[in-house]
Amino acid sequence: GWLIASLAVGATLAWLIIRVFRARLSLDGELRRAIRRDEIGVAYQPIVDLETRACVGAEALARWHLHGAAIAPDVFIVAAEHNGLIRALTDRVLERIVRELGDFLEAHRDFYVSINVSAEDLTSRRFLDVLTRTLGRTEIRAAQIRIEATERGFIDADAAREVLKAFREAGHPIYIDDFGTGYSSLSYLQTLPVDVLKIDKSFVDTIGYEAVSSSVAPHIIEIGRALGLGVVAEGVEREDQARYLIERGARYAQGWLFSKALPAEALVRFVQGPAAVAATEQSSGTGRR
Ligand code: C2E
Ligand code: MG
Ligand code: MG
Ligand code: MG
């Protein structure tokens with residue numbers, strides 16, 4: 001009796017484990033193919049000046065559709081980080097930024113795109129070399145491609161610091177993503193070559209719902225001021241959050257209140273705004289070259 005029962009349980013477990021592994025293997029296989037075939041898309045989320053609502057830059061976010069269904073970056077980026085595909089993915093995202101927005105970046109020299117890099121990308125100068133070579137074929141300035149790194153993204157903190165320093169020396173501003181969710185101390189932060197802190201969405205979510213004394217966002221803004229760094233708030237969904245952030249001295253933000261991540265053409269329309277569209281219509285109405 002119990003022997004058969006436990007055999008059945010064991011067999012079921014083994015079957016489940018095999019299924020899980022198969023699914024993982026096939027996800028990895030599908031991802032490898034998608035990267036090879038250049039099927040990883042990029043959506044660009046506007047970063048706006050809170051005061052004027054002007055779009056000053058955008059964050060490049062990888063997108064992947066498998067058999068018609070969107071797979072969340074939180075799933076496939078983590079998969080890529082575990083199966084050695086992340087470097088190829090980062091390269092693909094960069095290629096696509098240059099392909100889709102290169103002309104726009106060359107024409108708008110103050111506009112920038114930030115790219116998310118993973119821990120693996122910060123273990124050596126490999127990606128910096130790729131970036132330098134890629135931009136060398138264009139008129140895009142180094143300052144127009146910015147690097148977003150997370151604190152948990154440092155496998156080897158000393159190596160990451162050196163690599164970030166090299167990016168910065170090459171002219172690429174450094175953003176610390178999801179700031180405040182990592183474990184790094186303020187003294188450690190002071191040793192990092194950093195230009196901008198991104199306030200994590202979790203600290204923006206709680207604005208208006210917590211005691212003033214326990215809100216984190218104003219403290220991050222204050223740290224930014226003290227260290228002479230810029231601050232970008234992420235995940236702003238409501239006007240009251242935008243107002244709160246402005247009142248406490250934040251200048252830039254991104255979030256669904258302003259725009260979700262957009263395909264390249266939609267981003268360009270968003271940046272140019274209704275005024276630019278009207279101007280274009282007017283000038284094309286008053287005579288063509
Ligand atoms: P992240 O870099 O912190 O990017 C911000 C995430 O918040 C994006 O999620 C964005 O779509 C989402 N978001 C922005 N505003 C709002 C809002 O108002 N409300 C809500 N609910 N969400 C908002 P996404 O695109 O799913 O990306 C998740 C994470 O995956 C990113 O977090 C980043 O860590 C990673 N990731 C995305 N693309 C890449 C990539 O090309 N390379 C690497 N290494 N990581 C990437
Ligand atoms: Mg980011
Ligand atoms: Mg972030
Ligand atoms: Mg985040």
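Quick note: numbers below take in every heavy atom, side chains included, and nothing from hydrogens, waters or symmetry partners. When a ligand or atom number is given, it counts from 1 through the structure's own listing order. We count residues from 1, following the sequence as given.
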Checklist outcome for this item: Here the vertex angle at the Mg ion (ligand 2) for OE1 of Glu148 and OD1 of Asn116, given to 10°, is 90°

Checklist entry - Where does Gln254 meet ligand 1, judged by heavy-atom distances below 4.0 Å: at the side chain, the backbone, both, or neither? => result neither

Checklist entry - Just by distance, do the side chain of Glu237 and the backbone of Asp205 share a donor-acceptor pair under 3.5 Å? => result no

Checklist entry - Taking non-hydrogen atoms only, is Asp177 closer than 4.0 angstrom to ligand 1 via side chain, backbone, both or neither? => result side chain

Checklist entry - Got an N, O or S from Asp177 under 2.8 Å of the Mg ion (ligand 2)? => result yes

Item to check | Geometric cation-pi criterion Arg248 and Tyr244, 6.0 Å radius, 45° cone | outcome: yes

Item to check | Structural part of Ile77 in contact with ligand 1, heavy atom criterion under 4.0 angstrom | outcome: side chain

Checklist entry - Does even one non-hydrogen atom of Ser118 get within less than 4.0 Å of ligand 1? => result yes

Item to check | Heavy-atom nearest option to atom 28 (C) of ligand 1, drawn from Ile40, Asp74, Ile86, Val204 | outcome: Asp74

Next on the checklist: Tell me whether ligand 1 is touched by Val236 - counting only heavy atoms on the residue side and a distance under 4.0 Å.
Outcome noted: yes

Next on the checklist: Can you confirm, on distance only, whether ligand 1 has an N/O atom lying under 3.5 Å from any N/O atom belonging to Gln45?
Outcome noted: yes

Checklist entry - What do you reckon, does Glu81 have a nitrogen or oxygen under 3.5 Å from a nitrogen or oxygen of ligand 1? => result no

